[in-house]
Amino acid sequence: MRNDKWKISGFALLSARSLLLLLMLDPLVQAQQPASTPPVTSGMKNGQAPETIQKEDEVGEGEVLRIAANLVSVPVTVLNRKGQYVVDLSQKDFSIYEDGKEQTIAHFSNVDRPFSVALVIDTSGSTAPFLDKIKAAAKSFVEQLRPSDKVHPVYFHGDIKALTAVSTNDRNALRAAIDQMEPGPWRMGTRLYDAVNFAFTALKPESTRKAVILFTDGENTWGKATVKSTLKEAEESDIIVYTVQYGDDPPDSYLQQLAEKTGGRYFKAGDINAIRQSFAGVADELRRQYLIGYYPQEFANIGEERKIKVKVHRPRVVVKARASYTYGR
């Protein structure tokens, strides 16, 4: 059997050593050349759609061959030097690179795709004086969405409360839900990191473009999730995060990193007018994004970070996209 070539089938990934043991135990199998079946995806989850590349290869002794790779999806925003969105680009105008190597674009969509948004609002004690204005700004954001866009409203303090069971595009239901937001008592503290984790989990089942809009002062007093765990989850997801920091505190590095790692944007909103403008800016940007997808040419190890670079073949433009992703479990 030394010269036989075997293919991995079904859901098992077998090493050559394990395969040899099976053959020794069953002489009948040694007399047959097994039929192959298509491989399955290996569970990669960094912003990648459930699509599979099939690859046939030999398995060396002691090796475990992983033969499926998923589509890496990268939302991209393009602006001119005046800060205006560039919305007339086609696939041929883009090139994308992973760790410096150009990749073949397998999927491209224009700016008209719908999206699902987790609208996550901090209602801890410090927000109580202007919560009504925050609600008004959130409702204004909802009104700017298209009929096909969906929202999952959530508010948090020392507890995390989803205002609808799932994302919805029912504007009346969303306005009513936002009205139900209540400030939390000071003694309950703030579970910011848990709220971020909750939003990621809520959006995972959605098949459209996904975004989190996080409105907070950046304070976390307790909870299970951490800065490290939520930033890692952000790197492994296909969710764009927009953070709006209210109040007079200095810019919060955690909120800035959440936005940067996912290709979103950080806003500093010191007053209610700035808050309203921030929400409007997010809605405007989400409507004007491109989505580029590619199958990585090389397989990564679990936990390995890959750098991403998107180039646009048009002079005097600014490109905004996530700079990396991490190969997840």
> Quick one: does T243's side chain get under 4.5 Å of V241's, heavy atoms only?
Replying inline: yes
> How far apart are the closest heavy atoms of M181 and I121, and which atoms are they?
Replying inline: CE-CD1, 3.7 Å
>> Rounded at 0.5 Å granularity, tell me how far CG in D252 sits from OG1 in T216.
In response: 8.0 Å
>> Any side-chain to backbone donor/acceptor pair from T123 onto E182? Under 3.5 Å, distance only.
In response: yes
> Applying the 4.5 Å side-chain criterion to the ILVMFWY set and letting contacts propagate, would V319 and V74 be lumped into a single cluster?
Replying inline: yes
>> Quick test of your reading of the model: are K139 and E143 salt-bridged, counting only N-O distances below 4.0 Å?
In response: no
> Once you round to the nearest 0.5 Å, how far does NZ of K210 lie from NZ of K204?
Replying inline: 9.0 Å
> What is the distance from atom CG of L192 to atom NE2 of H157, rounded to the nearest 0.5 Å?
Replying inline: 14.0 Å
>> Closer than 4.0 angstrom, basic N to acidic O: yes or no for K135 and D179?
In response: no
> Taking the side chain as C-beta and beyond, is there a heavy-atom pair between N169 and V151 under 4.5 Å?
Replying inline: no
>> Just to verify, which of K261, R322, Q257 counts as forming a side-chain hydrogen bond (donor to acceptor under 3.5 Å, both in side chains) with E235?
In response: K261
> Under a 4.0 Å N-O cut-off, is there an ion pair linking K307 with E305?
Replying inline: yes
>> For S167, is there any backbone N or O sitting under 3.5 Å from a side-chain donor or acceptor partner on T164?
In response: no
> Do D217 side-chain atoms and G247 backbone N/O form a donor-acceptor pair below 3.5 Å?
Replying inline: no
> Once the angle between the rings of F141 and F279 is folded into 0 to 90°, is it parallel (under 30°), tilted (30 to 60°) or perpendicular (over 60°)?
Replying inline: tilted
>> Just so I know, are the side chains of V318 and N80 near enough to count as touching, which here means a heavy-atom distance under 4.5 Å?
In response: no
> Do any N or O atoms from the side chain of S229 and from the backbone of A225 form a donor-acceptor pair under 3.5 angstrom?
Replying inline: no
>> If I take atom CG from residue D194 and atom CG from residue D159, how far apart are they, to the nearest 0.5 angstrom?
In response: 10.0 Å
> Side chains of T230 and Y254: donor-acceptor distance under 3.5 Å anywhere?
Replying inline: yes
>> Any heavy-atom pair between the side chains of I292 and H107 that's under 4.5 Å?
In response: no
>> I'd like to know if the side chain of Q103 reaches the main chain of S95, judged simply by a donor and an acceptor atom lying under 3.5 Å from each other, with no hydrogens or angles considered.
In response: no
> Hey, does the side chain of W186 reach the backbone of S124 with a donor-acceptor pair shorter than 3.5 angstrom?
Replying inline: no
> Going by heavy atoms in the side chains, are Y155 and D122 under 4.5 Å from each other?
Replying inline: no
>> Taking the basic N atoms (NZ, or NE/NH1/NH2) and the acidic carboxylate oxygens, is any pair closer than 4.0 Å for E285 and R287?
In response: no
> Going by heavy atoms in the side chains, are F215 and I134 under 4.5 Å from each other?
Replying inline: yes
>> Looking at K101 and E298, is any side-chain nitrogen of the basic one under 4.0 Å from a carboxylate oxygen of the acidic one?
In response: yes
> Do you reckon V282 sits in the same ILVMFWY cluster as L291, going by side-chain contacts under 4.5 Å, direct or chained?
Replying inline: no
> Does atom NZ of K133 have more than 12 heavy-atom neighbours from other groups under 6.0 Å away?
Replying inline: no
> In terms of side-chain geometry, is the basic nitrogen of R314 or D88 positioned less than 4.0 Å from the acidic oxygen of its partner?
Replying inline: yes
> Are L214 and Y242 side-chain neighbours, meaning at least one heavy-atom pair lies under 4.5 Å?
Replying inline: no
> Is any NZ, NE, NH1 or NH2 atom of the basic residue among R288 and D284 found under 4.0 Å from an Asp or Glu carboxylate oxygen of the other?
Replying inline: yes
> Relative to the ring of F108, is the ring of F94 parallel (under 30°), tilted (30 to 60°) or perpendicular (over 60°)?
Replying inline: tilted
> Can you tell me how far the OG1 atom of T262 sits from the CD1 atom of I239, to the nearest 0.5 Å?
Replying inline: 9.0 Å
>> Is it the case that the side chain of E304 and the backbone of N301 share a donor-acceptor pair, with hydrogens and angles ignored and the cut-off at 3.5 Å?
In response: yes
> Do V212 and V117 have side-chain heavy atoms sitting under 4.5 Å apart?
Replying inline: no
> Does the side chain of T208 pick up a donor-acceptor pair with the side chain of S116 at under 3.5 Å?
Replying inline: yes
> Is it true that K228 and E233 have a side-chain N and a carboxylate O under 4.0 angstrom from each other?
Replying inline: no
> Would you say R209's side chain and L286's backbone share a donor-acceptor pair under 3.5 angstrom?
Replying inline: yes
> Is any side-chain N of the basic residue among E260 and R265 closer than 4.0 Å to the acidic one's carboxylate O?
Replying inline: no
> For the hydrophobic clusters of this structure (ILVMFWY residues joined by side-chain heavy atoms under 4.5 Å, transitively), does one cluster hold both V87 and L79?
Replying inline: yes
> Can we say E98 and K309 salt-bridge, meaning some charged N sits less than 4.0 Å from an Asp/Glu carboxylate O?
Replying inline: no
> Is the cationic atom of K161 (NZ for Lys, CZ for Arg) positioned less than 6.0 Å from the six-membered ring centroid of F156 and within 45 degrees of its normal?
Replying inline: no
